[in-house]
Amino acid sequence: RFPEAPEPQGKVALIGHSAGGWICRAYLSKRDYGGRSYGGTDLVHSLITLGSPHGNAPGPAFKGVEWVNSEVLDDDKFRALAVAGTGYMGDSSGSLTQGAYSFCCPNGSDGSSYDGDGVTPDFSALAMQNYVKNADTMVLEDVGHFRWSEVFGGDIVAPELTKEHAEGRPWYGDEA
């Protein structure tokens with residue numbers, strides 16, 4: 001059993017990693033999403049996204065992104081920051097990276113020419129600035145999407161990314 005929550009004392013900041021970034025944007029909207037309108041801007045003063053795919057791309061996996069991108073969040077009291085990582089080229093960071101980048105591409109590219117964090121290409125992570133008024137962007141060089149070497153199966157799913165993380169390449173959640 002959980003104790004009853006106290007009345008809100010102010011607004012909070014949301015931090016969304018990967019798909020969590022665009023899902024936070026769905027929460028912020030006052031439009032109906034999946035049968036419910038959340039209107040999170042009433043409770044949230046800022047949003048930071050880390051390696052979140054904000055660019056439209058073909059396929060059913062991007063229908064939620066397309067939905068949040070169909071409106072511009074235009075609230076002068078609201079702040080947003082889209083963070084992208086770079087240093088993982090699609091043609092040199094393994095098949096997971098190249099496949100993930102091609103998945104995020106609007107024009108059917110094979111993903112090999114893009115840079116990003118190993119999962120989300122930088123252009124897609126930074127695309128939030130097109131849909132959230134006054135959104136700032138930040139690019140972190142040589143930062144990976146996930147802590148591959150610390151999870152079971154990372155060496156099977158993403159062997160190149162796992163090796164690089166084990167050798168000290170940081171990800172968004174590292175202390176530094």
Side-chain angles (χ1 to χ4, degrees), residues 13-28 46-70 72-73 79-132 134-176:
L14 294 179
I15 301 173
H17 173 249
S18 200
W22 73 260
I23 291 169
C24 286
R25 290 178 52 213
Y27 173 74
L28 295 169
S46 56
L47 169 65
I48 299 170
T49 64
L50 306 169
S52 297
H54 293 292
N56 290 330
F62 279 84
K63 289 299 180 194
V65 175
E66 184 180 317
W67 184 89
V68 295
N69 287 347
S70 67
V72 173
L73 180 58
R79 299 201 53 195
L81 174 66
V83 180
T86 62
Y88 294 82
M89 292 300 298
D91 62 356
S92 62
S93 297
S95 61
L96 181 123
T97 296
Q98 186 172 349
Y101 290 2
S102 69
F103 190 63
C104 293
C105 294
N107 54 359
S109 165
D110 70 358
S112 63
S113 64
Y114 294 105
D115 193 0
D117 63 15
V119 174
T120 304
D122 58 352
F123 76 86
S124 186
L126 300 175
M128 183 172 71
Q129 66 187 336
N130 300 323
Y131 308 104
V132 178
N134 301 322
D136 290 318
T137 60
M138 177 185 289
V139 176
L140 301 176
E141 294 181 19
D142 204 35
V143 170
H145 190 81
F146 192 67
R147 55 189 180 107
W148 297 100
S149 67
E150 297 177 21
V151 296
F152 179 75
D155 57 335
I156 297 168
V157 174
E160 295 86 357
L161 300 177
T162 300
K163 181 177 183 283
E164 291 184 23
H165 184 258
E167 291 172 351
R169 282 185 84 173
W171 79 289
Y172 296 113
D174 281 336
E175 192 171 314

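- Taken to the nearest 0.5 Å, the CE atom of M128 stands 8.5 Å off from the CG atom of D136.
- We find the CD1-CD1 distance between I15 and I48 to be 5.0 Å, quoted to the nearest 0.5 Å.
- Taking all atoms of both residues into account, the shortest heavy-atom contact from S52 to G16 is OG-O, 3.5 Å.
- In this structure, M89 and T97 approach most closely via the heavy-atom pair O-CG2, 4.0 Å.
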Under 3.5 Å, which donor-acceptor pairs link side chains of residues 53-67 to any protein atom two or more places apart or in another chain?
from : atom 1 : to  : atom 2 : distance (Å)
H54  : ND1    : R25 : NH1    : 3.0
H54  : NE2    : T49 : OG1    : 3.1
N56  : OD1    : N69 : ND2    : 2.9

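- Between the CD1 atom in I23 and the CG atom in L28 there is a gap of 12.0 Å [rounded to 0.5 Å].
- The side-chain hydrogen bond (donor to acceptor under 3.5 Å, both in side chains) test applied to H145 returns S18, D117, not counting sequence neighbours.
- Note: S109 OG to Q98 CD = 8.0 Å, rounded to the nearest 0.5 Å.
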What side-chain donor-acceptor pairs closer than 3.5 Å can you find for residues 152-164, not counting sequence neighbours?
from : atom 1 : to   : atom 2 : distance (Å)
T162 : OG1    : G154 : O      : 2.7
T162 : OG1    : D155 : N      : 3.4
T162 : OG1    : A158 : O      : 2.8
K163 : NZ     : E167 : OE2    : 2.8
E164 : OE1    : R169 : NH1    : 2.2

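- Between V119 and W148 there is a side-chain heavy-atom pair separated by less than 4.5 Å.
- Atom CG of residue L140 and atom OG1 of residue T86 lie 8.0 Å apart, to the nearest 0.5 angstrom.
- E150 has its side chain out of reach of W171: every pair of non-hydrogen atoms, C-beta onward, lies at least 4.5 Å apart.
- Looking at Y101, its side chain does come within 3.5 Å of a backbone N or O of G118 through a donor-acceptor pair.
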**Message:** For D122 and V139: C-alpha separation, side-chain torsions, deciding distance, then whether side-chain contact (heavy atoms from CB on, under 4.5 Å) applies.
**Reply:** CA-CA 8 Å; D122 58 352; V139 176; 5.5 Å; no
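- Pairs passing the salt bridge (charged side-chain N to carboxylate O under 4.0 Å, His left out) check and including a residue from residues 95-106, sequence neighbours excluded, do not occur.
- When the ring-ring contact (aromatic ring centres under 6.0 Å, His included) test is applied to Y114, the partners found at least two apart in sequence or on another chain are F123.
- To the nearest 0.5 Å, atoms CZ (F103) and OG (S124) are separated by 11.0 Å.
- A salt bridge is defined here as a Lys NZ or Arg NE, NH1 or NH2 lying under 4.0 Å from an Asp or Glu carboxylate O, and D174 with R147 fails to meet this definition.
- With hydrogens and angles disregarded, a donor-acceptor distance shorter than 3.5 Å links the side chain of D110 to the backbone of S112.
- The ring-ring contact (aromatic ring centres under 6.0 Å, His included) search around Y131 returns none, not counting sequence neighbours.
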